[in-house]
Protein chains: 2
Amino acid sequence: MKNIKRPQRRSKQRQTILDELKKLTTHPTAVEMYEIVRETLPNISLGTVYRNLEMLAANGNIVKLKFGTSARFDGNSSRHYHVRCIHCGEVNDIDELPEDFVKQDFDKLGGYKIVGCKVEFVGICPTCSEKNINEVSQV
Amino acid sequence: MKNIKRPQRRSKQRQTILDELKKLTTHPTAVEMYEIVRETLPNISLGTVYRNLEMLAANGNIVKLKFGTSARFDGNSSRHYHVRCIHCGEVNDIDELPEDFVKQDFDKLGGYKIVGCKVEFVGICPTCSEKNINEVSQV
DNA sequence: ATCAATAATAGTAACTGTTACTATTATAAG
DNA sequence: CTTATAATAGTAACAGTTACTATTATTGAT
Ligand SMILES: [Mn+2]
Ligand SMILES: [Mn+2]
Ligand SMILES: [Zn+2]
Ligand SMILES: [Zn+2]
């Protein structure tokens, strides 16, 4: 349960992180983003990258994915889905769900042999909807 | 990328972990499972709980969920889905998807006000499907 | 039932990704 | 320009998980 605060000023660190992530179609980790942004801002710190990626995700500018051991970030915040390879961990986009999705009878998608599917709804539980909370358990 | 090995012998530690998890409708963390199993086996170690939960998940006996900061485990391995509260982190089951799921126009599910939905397909990428691999990037 | 081979364990150290802390710098309002 | 303070760089601390090692338990063979 951490309190992610809204940005109140602009910084070229945050802007660069956002710009660089938006250029990518991959789903980099924080460390991968750090390496990319350092080409523009050689003195940026890894902590700054983590803090801003969280901020941007909490604000809906980007999306945080929790697939592997480390989180991955997606500059494409419009609605789409993902496949992850169970062996190498590679993550690819799936733009549209199969029409028979509810029946769960797909065996191939985006070239992948599909072996499973996880759906995670994110929402506000009845108890929390009464309180007015700024905190977030997890982005 | 870790190599999760198949169990070759039975142990009452692993059996107890599985039995106790199957009794629950909640989605406990490894530490929560540790505390539960210790009531039956007071000398079990936390490492054993982690190792066996991974094994059981890799074998499809249970399901590993990666929502919050720590992984959660689900003794119900039959097809169903989850809602997570963005504020308190509570996880609940959603047994059936709404029929209009593909259109993504739901605003309430299981009492939760829905603000998002993530779909993660798990599969084998074209490159890995050629090789014959035992390793797994992530359960 | 005893034995031998070795899988699995308990206990703990090490590791990894992430978050917190603090002095310094940059932003933006007045 | 000045001033208040948000945001930063650099680093320490932390949490969850995984690896290591000596010991114990399981299983198949005798
Ligand atoms: Mn994507
Ligand atoms: Mn469940
Ligand atoms: Zn692959
Ligand atoms: Zn809640």
Side-chain angles (χ1 to χ4, degrees), chain A residues 1-18 27-35 37-59 61-62 64-73 89 91 134-139, chain B residues 1-18 27-35 37-59 61-62 64-73 89 91 134-139:
Chain A
M1 195 88 85
K2 68 190 156 190
N3 201 331
I4 298 169
K5 54 171 85 94
R6 290 261 171 100
Q8 301 185 19
R9 293 179 187 175
R10 311 204 154 262
S11 76
K12 62 182 194 306
Q13 288 87 343
R14 179 161 51 249
Q15 192 58 51
T16 305
I17 289 165
L18 182 59
H27 304 87
T29 63
V31 170
E32 285 164 356
M33 278 308 297
Y34 175 54
E35 286 159 0
V37 174
R38 265 204 296 180
E39 292 173 17
T40 312
L41 304 172
N43 294 323
I44 196 171
S45 83
L46 181 56
T48 297
V49 174
Y50 271 106
R51 181 167 18 82
N52 281 298
L53 286 171
E54 289 299 328
M55 264 186 176
L56 291 165
N59 272 52
N61 302 107
I62 66 174
K64 184 178 181 181
L65 304 173
K66 311 209 54 185
F67 293 161
T69 50
S70 47
R72 293 183 169 276
F73 296 88
V91 175
N134 295 354
E135 281 177 348
V136 131
S137 72
Q138 165 72 33
V139 178
Chain B
M1 193 87 88
K2 67 189 158 193
N3 201 331
I4 298 168
K5 53 171 86 93
R6 290 262 171 97
Q8 300 185 20
R9 294 179 185 174
R10 312 204 153 262
S11 76
K12 62 183 192 309
Q13 288 86 343
R14 179 161 50 249
Q15 192 58 52
T16 305
I17 289 166
L18 182 58
H27 304 87
T29 63
V31 169
E32 285 164 356
M33 279 307 298
Y34 174 55
E35 285 158 2
V37 174
R38 266 203 297 180
E39 292 173 18
T40 312
L41 304 171
N43 295 323
I44 196 171
S45 82
L46 181 56
T48 299
V49 174
Y50 271 106
R51 181 167 18 82
N52 279 297
L53 286 171
E54 289 298 330
M55 263 185 176
L56 290 164
N59 272 52
N61 302 107
I62 66 175
K64 184 178 181 180
L65 304 173
K66 311 210 55 186
F67 294 160
T69 49
S70 48
R72 294 184 168 276
F73 296 88
V91 175
N134 294 355
E135 281 177 347
V136 132
S137 72
Q138 166 69 34
V139 178

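The chains referred to below are lettered A, B, ... by the order of the sequence lines, with proteins before strands, and numbering in each begins at 1.
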Between [atom2] on [N] and [atom1] on [X], what's the gap in Å once rounded to a whole number?
| X | N | atom1 | atom2 | result |
| --- | --- | --- | --- | --- |
| B/M33 | D/dT17 | CE | P | 14 Å |
| A/R9 | D/dT5 | CZ | C1' | 5 Å |
| B/Q13 | D/dT24 | CD | P | 14 Å |
| B/R14 | D/dA25 | CZ | P | 15 Å |
| B/E32 | D/dA15 | CD | C1' | 15 Å |
| B/Q8 | C/dT6 | CD | C1' | 9 Å |
| B/Y34 | D/dT17 | OH | C1' | 14 Å |
| B/Q15 | C/dA7 | CD | C1' | 16 Å |

Which nucleotide wins on minimum distance to the side chain of [X], given the candidates [options]?
| X | options | result |
| --- | --- | --- |
| A/S11 | C/dA26, D/dT8, C/dT19 | D/dT8 |
| A/A71 | C/dA8, C/dA10, C/dT18 | C/dT18 |
| A/Y50 | C/dG17, C/dT9, D/dG16 | C/dG17 |

- Minimum heavy-atom distance between A/L41 and A/Q13, given as atom pair plus value: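 Closest heavy-atom pair between A/L41 and A/Q13: CD1-CA, 3.7 Å.
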- Which atom of B/T29 lies closest to which atom of B/F73, heavy atoms considered: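 Looking at all heavy atoms of both residues, the shortest contact is C-CD1, 4.4 Å.
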- Is there side-chain contact between A/I44 and A/I17, with at least one heavy-atom pair below 4.5 Å?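 Of all side-chain heavy-atom pairs linking A/I17 with A/I44, at least one is under 4.5 Å.
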- Query: Just how far is it from atom OH of B/Y50 to atom CE of B/M33, taken to the nearest 0.5 Å?
  - Reply: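 Reported value, rounded in 0.5 Å steps: 12.5 Å.
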- Just checking B/R51: base, sugar-phosphate only, or nothing, at a heavy-atom cut-off of under 4.0 Å?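 Result for B/R51 = base.
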- Query: Mapping A/P42 and A/M55 to their closest nucleotides on DNA chain D, which lands nearer the 5' end?
  - Reply: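 Its nucleotide being nearer the 5' end, the pick is A/M55.
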- Hey, which sits more toward the 5' end of DNA chain D by its nearest nucleotide, B/K12 or A/T48?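 Nearest-nucleotide comparison on DNA chain D picks A/T48.
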- Query: Phosphate oxygens OP1/OP2 of C/dT9: is one of them under 4.0 Å from a side-chain N or O of B/N52?
  - Reply: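 For B/N52, the contact criterion (side-chain N or O under 4.0 Å from OP1 or OP2 of C/dT9) is met.
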- Query: Can you check whether A/S45 has a side-chain N or O nearer than 4.0 Å to OP1 or OP2 of D/dA9?
  - Reply: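 Answer is yes, contact under 4.0 Å.
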- Without swapping roles, check the side chain of B/R14 against the backbone of B/R9 for a donor-acceptor pair under 3.5 Å.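 Flag set: sc B/R14 to bb B/R9 pair under 3.5 Å.
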